[in-house]
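Have a look at the structure below, then the notes.
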Amino acid sequence: MNEQSIALEEGWRDALAGEFSSPYMQQLKAFLVAQKQGGKRIFPKGSEYFRALDLTPLANVKVVILGQDPYHGLGQAHGLCFSVRPGVRIPPSLVNIYKEMQSDLGITPARHGFLEHWARQGVLLLNSVLTVEEAQAASHQGKGWERFTDAVIGKVNDECDAVVFMLWGSYAQRKAAFVDIRRHLVLKAPHPSPLSAHNGFFGCGHFSKANAFLQTHGRAPIDWQLPTNPGDAQLF
């Protein structure tokens with residue numbers, strides 16, 4: 001991929017220029033082109049591959065939440081981990097995230113799963129793999145996205161100060177194992193999926209801990225309360 005052909009927020013485009021020009025990204029681009037030419041439906045749509053970066057510029061990152069793959073159902077994925085488009089049923093893991101927020105901060109769960117309100121405040125909602133084939137979970141793992149998102153996390157680690165990393169589940173914890181805990185706050189808990197949330201995700205208090213850390217370091221806290229109308233967060 002040529003960084004000049006990527007419609008991406010300028011700060012990220014400059015920071016990741018070396019990645020876009022690298023052979024592995026050229027191979028990834030060729031893979032995605034071949035998939036589409038073969039009639040495969042890829043989620044999210046091309047203009048939203050880098051939506052998390054567009055909405056949360058590198059200079060604005062306050063919190064990093066890591067996911068693994070985009071949702072693979074029609075109309076779900078739009079480039080932010082755990083988030084779904086307005087009108088789409090809230091996925092089980094996000095239901096549990098809302099439950100923990102209610103317990104931790106007293107926030108009434110939203111009736112939608114559209115998380116752009118968080119992203120615009122500095123919450124980088126980053127999946128490890130940024131694309132997936134429809135109805136084929138994990139179908140784009142091992143194609144190069146993991147190396148790219150490792151570079152994204154590395155830039156946050158190196159170039160930002162006082163960032164909170166919310167690492168839910170062993171996958172996220174391994175992926176961000178190199179984060180400098182002297183400069184950033186690393187919060188770990190089990191994944192919020194129904195299979196593991198009761199093993200320590202519930203009661204982790206990550207949302208209040210994140211805001212306390214940000215305020216201690218002179219940064220504005222995150223307003224975790226989502227708008228009642230998800231359209232209120234779509235003023236891009």
CA sep, side-chain torsions, deciding dist, call: V63, L214, side chain to side chain contact (heavy atoms under 4.5 Å, CB included): CA-CA 9 Å; V63 176; L214 292 171; 4.2 Å; yes

Using modelled atom types only, decide if a donor and an acceptor are shared between the side chain of [X] and the backbone of [Y] within a distance under 3.5 Å.
{"X": "T216", "Y": "A212", "answer": "yes"}
{"X": "S83", "Y": "G79", "answer": "no"}
{"X": "R13", "Y": "L8", "answer": "yes"}
{"X": "K62", "Y": "A220", "answer": "yes"}
{"X": "H117", "Y": "P227", "answer": "no"}
{"X": "T56", "Y": "L53", "answer": "no"}
{"X": "E9", "Y": "W12", "answer": "yes"}
{"X": "S196", "Y": "H191", "answer": "yes"}
{"X": "Q173", "Y": "W168", "answer": "no"}

Between [atom1] of [X] and [atom2] of [Y], what distance do you get to the nearest 0.5 Å?
{"X": "M101", "Y": "L226", "atom1": "CE", "atom2": "CG", "result": "5.5 Å"}
{"X": "E48", "Y": "L55", "atom1": "CD", "atom2": "CG", "result": "9.5 Å"}
{"X": "N211", "Y": "W224", "atom1": "CG", "atom2": "CH2", "result": "7.0 Å"}
{"X": "L124", "Y": "N60", "atom1": "CG", "atom2": "CG", "result": "11.0 Å"}
{"X": "Q136", "Y": "R41", "atom1": "CD", "atom2": "CZ", "result": "13.5 Å"}
{"X": "L105", "Y": "I222", "atom1": "CG", "atom2": "CD1", "result": "11.5 Å"}

Less than 4.5 Å apart, any side-chain heavy atom of [X] and any of [Y]?
{"X": "M166", "Y": "V123", "result": "no"}
{"X": "E134", "Y": "K40", "result": "no"}
{"X": "D104", "Y": "H206", "result": "no"}
{"X": "L130", "Y": "F148", "result": "yes"}

Where do [X] and [Y] come nearest, in terms of heavy atoms and distance?
{"X": "N96", "Y": "S193", "result": "ND2-C, 3.8 Å"}
{"X": "F82", "Y": "S93", "result": "CE2-CB, 4.1 Å"}
{"X": "C204", "Y": "K209", "result": "O-NZ, 3.0 Å"}
{"X": "D150", "Y": "F178", "result": "O-CZ, 4.0 Å"}
{"X": "G200", "Y": "A189", "result": "O-CB, 4.2 Å"}
{"X": "L66", "Y": "C81", "result": "C-SG, 4.2 Å"}

Determine whether [X] and [Y] fall in the same hydrophobic cluster, where Ile, Leu, Val, Met, Phe, Trp and Tyr are linked whenever their side-chain heavy atoms lie under 4.5 Å apart.
{"X": "F31", "Y": "I42", "value": "yes"}
{"X": "F201", "Y": "Y171", "value": "no"}
{"X": "V132", "Y": "V88", "value": "no"}
{"X": "I153", "Y": "I181", "value": "yes"}

Step-by-step side chain to side chain contact (heavy atoms under 4.5 Å, CB included) determination, W145 to N127: CA-CA 9 Å; W145 280 129; N127 275 317; over 6 Å; no

R183 CZ: over 12 foreign heavy atoms closer than 6.0 Å: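 For R183, atom CZ is crowded (more than 12 foreign heavy atoms under 6.0 Å).
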
Judged by modelled atom types alone, do [X] and [Y] share a side-chain donor-acceptor pair under 3.5 Å?
{"X": "K175", "Y": "T149", "value": "yes"}
{"X": "H217", "Y": "D161", "value": "no"}
{"X": "D69", "Y": "Q141", "value": "yes"}

Salt bridge E19-K155, side-chain N to carboxylate O under 4.0 Å: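 Result for this pair is no, no salt bridge flagged.
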
Test log, rule side chain to side chain contact (heavy atoms under 4.5 Å, CB included), inputs F43 and Q76: CA-CA 8 Å; F43 298 141; Q76 291 181 303; over 6 Å; no

Side chain to side chain contact (heavy atoms under 4.5 Å, CB included) between V163 and R219, intermediate numbers included: CA-CA 10 Å; V163 172; R219 310 192 75 183; 4.0 Å; yes

Aromatic ring pairing W118/F207, orientation class (parallel under 30°, perpendicular over 60°, tilted between):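 W118 vs F207 ring planes: tilted.
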
